[in-house]
Structures are given as C-alpha cells and as structure tokens.
Amino acid sequence: MRDAYHEELDSIGDGLVEMARLVGSAIGRATTSILDSDLKLAESVIEADQKVDDLQHDLEAKAIALLARQQPVATDLRIVVTSLRMSADLERSGDLAQHVAKLARLRFPERAIPHDLHATILEMGQLAQRLMAKAAEVIITKDVDLALQLESDDDEMDLLHRTLFQHLLDDKWKHGIETAVDVTLLGRYYERFADHAVSVAKRVVYLVTGEHADDLQADIQPPTGVEGA
C-alpha cells in the first residue's frame, strides 16, 4: 500500500516535469510564430495549451485524493501542497505563451514586432525557454543550488525588458501607438513567464529544505564591510 502511495507521489512530480517541458516548448514556438508571422504555428500553440490545463486538472485531482486518503504529514504533506502551487505557476506560464501566440494571430498577416526589435524579442523567448528548462531540471534533481541560480538568471530577463522600454521611449520611435502597445504587452508576457519559472524553482527549495528561498539566500549571503576582506 505504501508503495502505491509513493508511486502516486512520484506521478505528481512527473506531471510537473511534463507541464514544465510543454510550456517551455510553447514559449519557444510562440516566439517563432510572432517573429515570423506564422499563423499555423500560432494556432498550434493556442490549441496545445489545453493539454497543459488537462495536466494541471489531473495533478490537482491526484493531490486532493492523496490528501483525503492518506492524510500525509511532514515532508509528504509539503510535497503535495507545494506541487499544487507549482502546477498553478506552470499553468499560468502556458497561458502566457498562449498570449504571445494570440498576439501573432491577431496581427497576421502583418508582423507584430518591428524588425529593429526582433533580436531582443528572440533573446527574450530563448531565455524564457532556458529558464523553464532549468526549472524542469530542478523539479527532477531537487538541486537547491541550481534552483537558487534561477533568480540571478532572471535578472537577464529584466534587463531585456528594460531594453524594450528604452526603444519605446526613444524619440526615434516611428512604429505607432498600436505597435507600442503590442511590444509593451509582449515584454510583460516574457517577464511574467520568467517570474513563474523562478517561482517554481523557489518552491522546490521550500519542498527540499522547509525554508523559503529568500530566507535561505539571506542566510548564505556573505557579509559586507568585514574588516580584512
């Protein structure tokens, strides 16, 4: 009976990994669709989000059943509760990838992104995909050090987001208000996607250590202003 119980716990983790991989792929394909004005690809991203939603619903059902039947305590309870929160982060990540694809569909056959911003958007899309791939690895390995790295990796996304706004505020901007709104929304989608990847990693830290990632990072932060340093 306990073996079946732990198999169910493991299946929840497997579901999270699959969700992370699906949404990572989705943000990569959505980025291609918006840069290339590829309607077919955009539609495939939009439709595929249903699988992410289905996985979340399945995971929630398994987690609630475990809570009801087994009444887990200590570490097992932390796994179940934290997994529910991670699934919400991943489901929202899928929605954000879908938003990118929907913007590509909305502007088709025109390109939503001006040519001079293509490199920045491509970089944001690739970074978002890498962050989610790393989050999936953290779920598998339970590597706390790797999980803590994601927040510093996310700083790169924040820099790219600021780069977009510098273009928007530049006196040389010549692409009009509608495109400015599109770019603003797109930047927000990528920034939030990265935030959810970081959130997943932080929840793994809590799952493994019982401590919140922010508290753990504060504890290991080297002191400043130490004499002789």
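Residues take their numbers from the sequence shown, with the count starting at 1.
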Is there a side chain to side chain contact (heavy atoms under 4.5 Å, CB included) between D155 and L159 once you walk through the steps?
CA-CA 6 Å; D155 291 343; L159 285 172; 5.7 Å; no
Does R69 form a salt bridge (charged side-chain N to carboxylate O under 4.0 Å, His left out) with E8? I'd like the steps, not just the answer.
CA-CA 12 Å; R69 290 199 316 270; E8 288 183 83; 2.7 Å; yes
Run V200 and V138 through side chain to side chain contact (heavy atoms under 4.5 Å, CB included) and show every step you take.
CA-CA 9 Å; V200 167; V138 167; over 6 Å; no
Between V205 and E211, is a side chain to side chain contact (heavy atoms under 4.5 Å, CB included) present by the stated rule, with each step listed?
CA-CA 7 Å; V205 172; E211 294 186 64; 5.8 Å; no
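Taking the six-membered ring where the residue is Trp, W173 and H175 present perpendicular rings, their angle passing 60° and hence far from 30°.
Residues F193 and L55 are members of one and the same hydrophobic cluster, defined by side-chain heavy-atom contacts under 4.5 angstrom among Ile, Leu, Val, Met, Phe, Trp and Tyr. Hydrophobic cluster membership differs between I64 and V80, with clusters built from Ile, Leu, Val, Met, Phe, Trp and Tyr side chains linked at under 4.5 angstrom. Under the 4.5 Å side-chain heavy-atom criterion for ILVMFWY residues, a single connected hydrophobic cluster contains both L168 and M157.
Minimum heavy-atom separation, A128 to I27: CB-CG1, 4.0 Å. Of all heavy-atom pairs between D116 and H167, the closest is O-CE1, 4.3 Å. Closest approach of V45 and A30 over heavy atoms only: CG2-N, 3.8 Å. Closest non-hydrogen pair, A194 versus L131, comes out as CB-CD1, 3.5 Å. Q129 and S25 get closest at one heavy-atom pair: NE2-CA, 4.1 Å. Considering every non-hydrogen atom in both T120 and L160, the closest pair reads CG2-O, 4.0 Å.
The existence of a salt bridge linking E137 and K142 is excluded, since no basic side-chain nitrogen approaches an acidic carboxylate oxygen closer than 4.0 Å. A salt bridge links R192 with D195: the closest approach of a Lys/Arg side-chain nitrogen to an acidic carboxylate oxygen falls below 4.0 angstrom.
No donor-acceptor pair closer than 3.5 Å links the side chain of T179 to the backbone N or O of G176. A donor-acceptor pair under 3.5 Å is absent between the side-chain atoms of R105 and the main chain of L39, judged by distance alone. Of the possible donor and acceptor atoms, one in the side chain of H118 sits under 3.5 Å from a partner among the backbone N and O of I113. Between the side chain of S87 and the backbone N or O of L84, at least one donor-acceptor pair lies under 3.5 Å.
For the residue pair S37 / R107, no side-chain donor-acceptor distance below 3.5 Å is found, with atom types taken as modelled. Checked by atom type, the side-chain pair D89/S199 shows a donor-acceptor distance below 3.5 Å.
Residues L41 and D36 fail the side-chain proximity criterion, which asks for heavy atoms closer than 4.5 Å. Side chains of I34 and L103 form a contact here, defined as non-hydrogen atoms less than 4.5 Å apart. Residues M86 and L207 meet the side-chain proximity criterion, which asks for heavy atoms closer than 4.5 Å. The shortest side-chain heavy-atom distance between L117 and L164 falls under the 4.5 Å cut-off.
Between L122 atom CG and L127 atom CG the span is 11.0 Å, to the nearest 0.5 Å. Here Q98 contributes atom CD and Q50 contributes atom CD; the two are 9.0 Å apart, rounded to the nearest 0.5 Å. E91 contributes atom CD, which lies 9.5 Å from atom CG of L96 (distance to the nearest 0.5 angstrom). Taken from CD1 in I139 to CG in D14, the straight-line distance is 10.5 Å, to the nearest 0.5 Å. Atom CG of L106 sits about 7.5 Å away from atom CD of E178, to the nearest 0.5 Å. Between the CG atom in D58 and the CE atom in M19 there is a gap of 10.0 Å [rounded to 0.5 Å].
Applying the salt bridge (Lys or Arg N to Asp or Glu O under 4.0 Å) criterion to R21, with sequence neighbours excluded, gives no partner residue. For Y206, the ring-ring contact (aromatic ring centres under 6.0 Å, His included) partners are H212, not counting sequence neighbours.
The environment of CZ in R130 is crowded: more than 12 heavy-atom neighbours from other residues, nucleotides or ligands sit within 6.0 Å. Enclosure of atom CD1 in I177 is not indicated, since only 12 or fewer non-hydrogen atoms of other residues, nucleotides or ligands lie within 6.0 angstrom.
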